[in-house]
Structure formats: C-alpha cells, structure tokens
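Side chains are part of it too, since the values below use all heavy atoms of this structure and drop only hydrogens, waters and symmetry mates. Everything quoted here is computed from the prediction, not taken from an experiment. Numbering of ligands and ligand atoms starts at 1, following listing order.
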Amino acid sequence: MRFLVSNDDGIYADGLIQLAVSLSSLGEVTVVAPDTERSATGHAITMHHPLRVRKVNLPGLKIKAFAVDGTPADCVKLGIDELLDYRPDFVLTGINRGANLGTDVLYSGTVSAAIEGCIMGVPSLAFSLLSAEVMDYSTAGRIAAEVVGMISDKNLTPSTLVNVNIPNVPLEQIKGMKVTRLGHRRYSKNYEKRLDPRGRTYYWLAGELIEEAMASDTDIEAVKNLYVSITPLHFDLTSYKMLDSLKRWGFDHDIRSK
Ligand code: MN
C-alpha cells in the first residue's frame, strides 16, 4: 500500500511523525505537510501567490517528506498532482493535536486535508487525538495503523472520508471502537474583549466548550466514554430532506414559462 500523509499542525509535529512511522509498517509513506502550523484553516487553498516546496529530512526517519508553504488542502492537492511518485491508495491526515468532533470538522485543517483527498478520488482518513496536558501519540499511532489495516481491503468509496478521534489514555484503558455520527459542539463566551496599549479595543477568540449531554451514537459521546470514534463523512453538503420542500415552495420553476 502507498500513502500520502499530511496534517495541519505542521511538518515537524509529533502527531504527524507518529502517523508516518506507524503507517510505514503497512506500506510506503510520503509526507506532504505545511511548513508551519495551519490549524483551523478549514478548506482554504492558495490561489494568489505561488507555492514553494522544500524537501525535508524528518529526524531519524527514512521517509520522503515535503514541506509546503501552503494550507493542508494545498498539500494534498499538490502532493497528489505533482510531488508523489505514485498515486496513493489512501490519504491519511493527523494525528491532530486535539479532537475534531462535531462541528469542529468544518474548521479543521486536518479533516479538510482528508476531504481534499476525497475530492481527488482517493479514499481518506483523518486522525485526531484528544487534548490533554501530555500528548502521547503512540497509542493513537497504533490505533491509526489498526484502522487503516481494517479498511484497506474493504471498498471505502473515494467520496467518503473516515474521521477518527482517539481518547488520550493508555491503550489498556480504551474500551473499543464505535461507529458514530457527528455531534454538535457549542462554545460560549467566544471572544475576549481587551484594550491594546493605545486604548483601542481588540477581540481574541477563546471560547469555552459547553458540555452537553449528547445522543449515545455521537462522536462526542463515544470519546467521552473512552471509545475510539469512527465517523464516515462526505463532502456533499446537500440537504436532501429539504429538496422537496424548496420545490414545493415554488423555487423550482422556469421564469420564461410564466
Ligand atoms: Mn491542528
């Protein structure tokens, strides 16, 4: 198997190195990742200036790696189109420093990089490790390899990505895996309002997570109960249940025939 590995925490992030190392037991890995941290850049791509690429030696590893001065989505696009010597069987992203649960997936560079893989027709998986004081990626790396191993001989449609969130506890405390749907994450007190030294107001995004009881089949609830959460996502945002309503409301008509 051949993989493209990317992330949004930057090419030297511990989680990316762990993912590349863990996956090299299953096949060939090429890393294409942002040269600096690009968390919460969503699905942005770079259009108005050129992208520069630098070959990088990852410390102590014999894994081909490229640093790109662009976004996570840029890395996957450019990687598949130009940088890799092969068309990857899977795009794998992460292991992100912090969860990507519920509505987080819309802001996440890690998930967006995996979505870019899907858009390019390559089945993709995104991996995130829940935040804790000490980030230990070794368990998450083993789980990532296990998930990829389980899915590699299945027929994962290229338009679907698998979003994996891993509790940050030792392997023996993880209860298992759960197939989940996205929950809903809400934050309160989003902005801190402060004054700069010249007396002008500025705002700094902070936000406290509101802990809400969630349905038991959500990703949020699964990781809370120390399960690895496995959520299939697709980038078709169409609200199929509203199609008929909008037609009924008269939007579906030909102006000339009036
Ligand atoms: Mn990140």
Side-chain angles (χ1 to χ4, degrees), residues 3-23 29-46 51 56 58 63 65-79 90-119 124-141 143-144 147-148 161-169 182-183 185-187 190 204-209 219-220 223 228-231 233 235:
F3 306 111
L4 188 167
V5 167
S6 192
N7 76 343
D8 73 359
D9 295 333
I11 193 151
Y12 296 111
D14 294 341
L16 175 109
I17 310 267
Q18 182 67 64
L19 186 60
V21 169
S22 297
L23 266 299
V29 171
T30 304
V31 170
V32 185
D35 55 354
T36 57
E37 173 159 4
R38 306 290 162 98
S39 290
T41 52
H43 207 103
I45 50 170
T46 304
L51 290 170
V56 162
L58 295 175
I63 292 174
F66 300 92
V68 179
D69 66 345
T71 65
D74 286 331
C75 290
V76 171
K77 221 174 174 53
L78 190 66
F90 290 96
V91 168
L92 308 170
T93 66
I95 301 165
N96 188 59
R97 191 177 66 241
N100 279 307
L101 298 163
T103 33
D104 294 342
V105 301
L106 296 170
Y107 302 101
S108 165
T110 305
V111 176
S112 294
I115 290 176
E116 190 60 39
C118 291
I119 291 172
S124 301
L125 296 95
F127 298 95
S128 304
L129 178 63
L130 270 71
S131 291
E133 203 115 302
V134 181
M135 298 298 286
D136 175 9
Y137 292 96
S138 56
T139 295
I143 289 167
V147 170
V148 173
L161 75 111
V162 176
N163 188 40
V164 181
N165 279 278
I166 303 157
N168 199 342
V169 293
L182 290 179
R185 269 194 145 185
R186 288 203 302 135
Y187 297 85
N190 276 330
W204 201 330
L205 182 63
E208 286 165 22
L209 191 61
D219 53 356
I220 296 171
V223 293
V228 175
S229 166
I230 314 270
T231 314
L233 301 176
F235 56 82

Spell out, as yes or no, whether a donor-acceptor pair under 3.5 Å connects the side chain of Asp8 to the backbone of Gly109. yes
Would you confirm whether Ser128, through its side chain, and Ala99, through its main-chain N or O, come within 3.5 Å as a donor-acceptor pair?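 Looks like no, no N/O pair under 3.5 Å.
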Which pair of heavy atoms, one from Leu182 and one from Thr231, lies closest together, and at what distance?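 Nearest heavy atoms, Leu182 then Thr231: N-CG2, 4.0 Å.
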So how far is it from Arg38 CZ to Asp9 CG, rounded to the nearest 0.5 Å? 12.0 Å
Starting from the C-alpha separation in whole Å, work towards a yes-or-no answer on salt bridge (charged side-chain N to carboxylate O under 4.0 Å, His left out) for Glu37 and Arg97. CA-CA 11 Å; Glu37 173 159 4; Arg97 191 177 66 241; 3.3 Å; yes
Flag if over 12 foreign heavy atoms under 6.0 Å of OH, Tyr107: no
Take the Mn ion (ligand 1) and tell me which protein N, O or S atoms are nearer than 2.8 Å.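 Result, waters dropped: Asp8 OD1, Asp9 OD1, Ser39 OG, Asn96 OD1.
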